[in-house]
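Everything numeric in this text was worked out from a predicted model, so none of it was measured. Naming: A, B, ... by sequence-line order, numbering from 1 per chain.
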Amino acid sequence: GENVEQHPSTLSVQEGDSAVIKCTYSDSASNYFPWYKQELGKGPQLIIDIRSNVGEKKDQRIAVTLNKTAKHFSLHITETQPEDSAVYFCAASRAGSGGYNKLIFGAGTRLAVHP
Amino acid sequence: NAGVTQTPKFQVLKTGQSMTLQCAQDMNHNSMYWYRQDPGMGLRLIYYSASEGTTDKGEVPNGYNVSRLNKREFSLRLESAAPSQTSVYFCASSVEEEAEQYFGPGTRLTVT
């Protein structure tokens, strides 16, 4: 089955710096890669996702890149702000395979943005 | 819209006790899910319901049962709680199986 590894487990940056979180996956058939942000005491919230037919997707300060050959994808946050502090999870699944979009999650990255 | 709601927010059980975690969504979503979140392990799928009237096992179903009561509600039952079931439980829903999942606020369960 699919296995998703996420690094680093913790990340500390200064406000205004960039942050990069990386994930690798094992199942070459995976084709959907969402990123979730979880604030303290809340449920995860989707912030961006990418499908395997594109290599990069941007949404304001957030971008995700995908390298299918190497089976890894990354989350990039530019101009970080204190409100970006949270736990970020990557996930992978085989969407469109005729069954449930079974998300396999990475272990999470705790991002701290210091003013 | 309240989105996905879960009750209770916190619960402490003794080993062997039973309880039901409740989940409801008001977004008219077809699919609903139960996950557990343990430190350092991300979220793992317990059970899911692709549509009203159907349920299927996820990665870690042992020790749990579910009921899709109607389109809005999806409950998770622990028949005989064990300390290994101490976790934070999240319910989620999506319009259909291959769509964005919306998560509830979670239930923190401790089994002593």
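- Among residues 57-91 of chain B, the residues having any heavy atom closer than 4.5 Å to a heavy atom of chain A are, in sequence order, E59(B), F90(B).
- Between V4(B) and M27(B) there is a side-chain heavy-atom pair separated by less than 4.5 Å.
- Nearest approach of A63(A) to K58(A), heavy atoms of both residues: CB-CG, 3.7 Å.
- Summarising the local packing, CD of Q45(A) is surrounded by 12 or fewer heavy atoms from other residues, nucleotides or ligands at distances under 6.0 Å.
- Of all heavy-atom pairs between T69(A) and N67(A), the closest is N-OD1, 3.1 Å.
- Proximity of E100(B) to D49(A): side-chain heavy atoms (C-beta onward) are nowhere separated by under 4.5 Å.
- Note that the CG atom of L66(A) and the CG atom of N53(A) stand 9.5 Å from one another [nearest 0.5 Å].
- Salt bridge status for K57(A) with D59(A): absent, with no side-chain N to carboxylate O gap under 4.0 Å.
- The CD atom of Q81(A) sits 4.0 Å away from atom CZ of R61(A), with the distance rounded to the nearest 0.5 Å.
- Nearest heavy-atom pair across Q101(B) and A92(B) is OE1-CB, 4.0 Å.
- Scanning residues 106-115 of chain A against chain B with a 4.5 Å non-hydrogen threshold yields G106(A), A107(A), sorted by number.
- Contacts between Q37(B) and chain A at a heavy-atom distance below 4.5 Å involve the side chain alone, from C-beta outward.
- Using the six-membered ring where Trp is involved, Y35(B) and F103(B) have ring planes that are tilted, between 30° and 60° apart.
- H29(B) is linked by a ring pair (Phe, Tyr, Trp, His ring centres under 6.0 Å) to Y102(B), counting only residues two or more places apart in sequence or in another chain.
- Using a 4.5 Å heavy-atom cut-off against chain B, the contacting residues of residues 33-40 of chain A are Y36(A), Q38(A).
- Within 6.0 Å of CD in E83(A) there are more than 12 heavy atoms belonging to other residues, nucleotides or ligands.
- Annotation for V4(A) and C23(A): closest pair CG1-CB, 4.4 Å, computed over non-hydrogen atoms.
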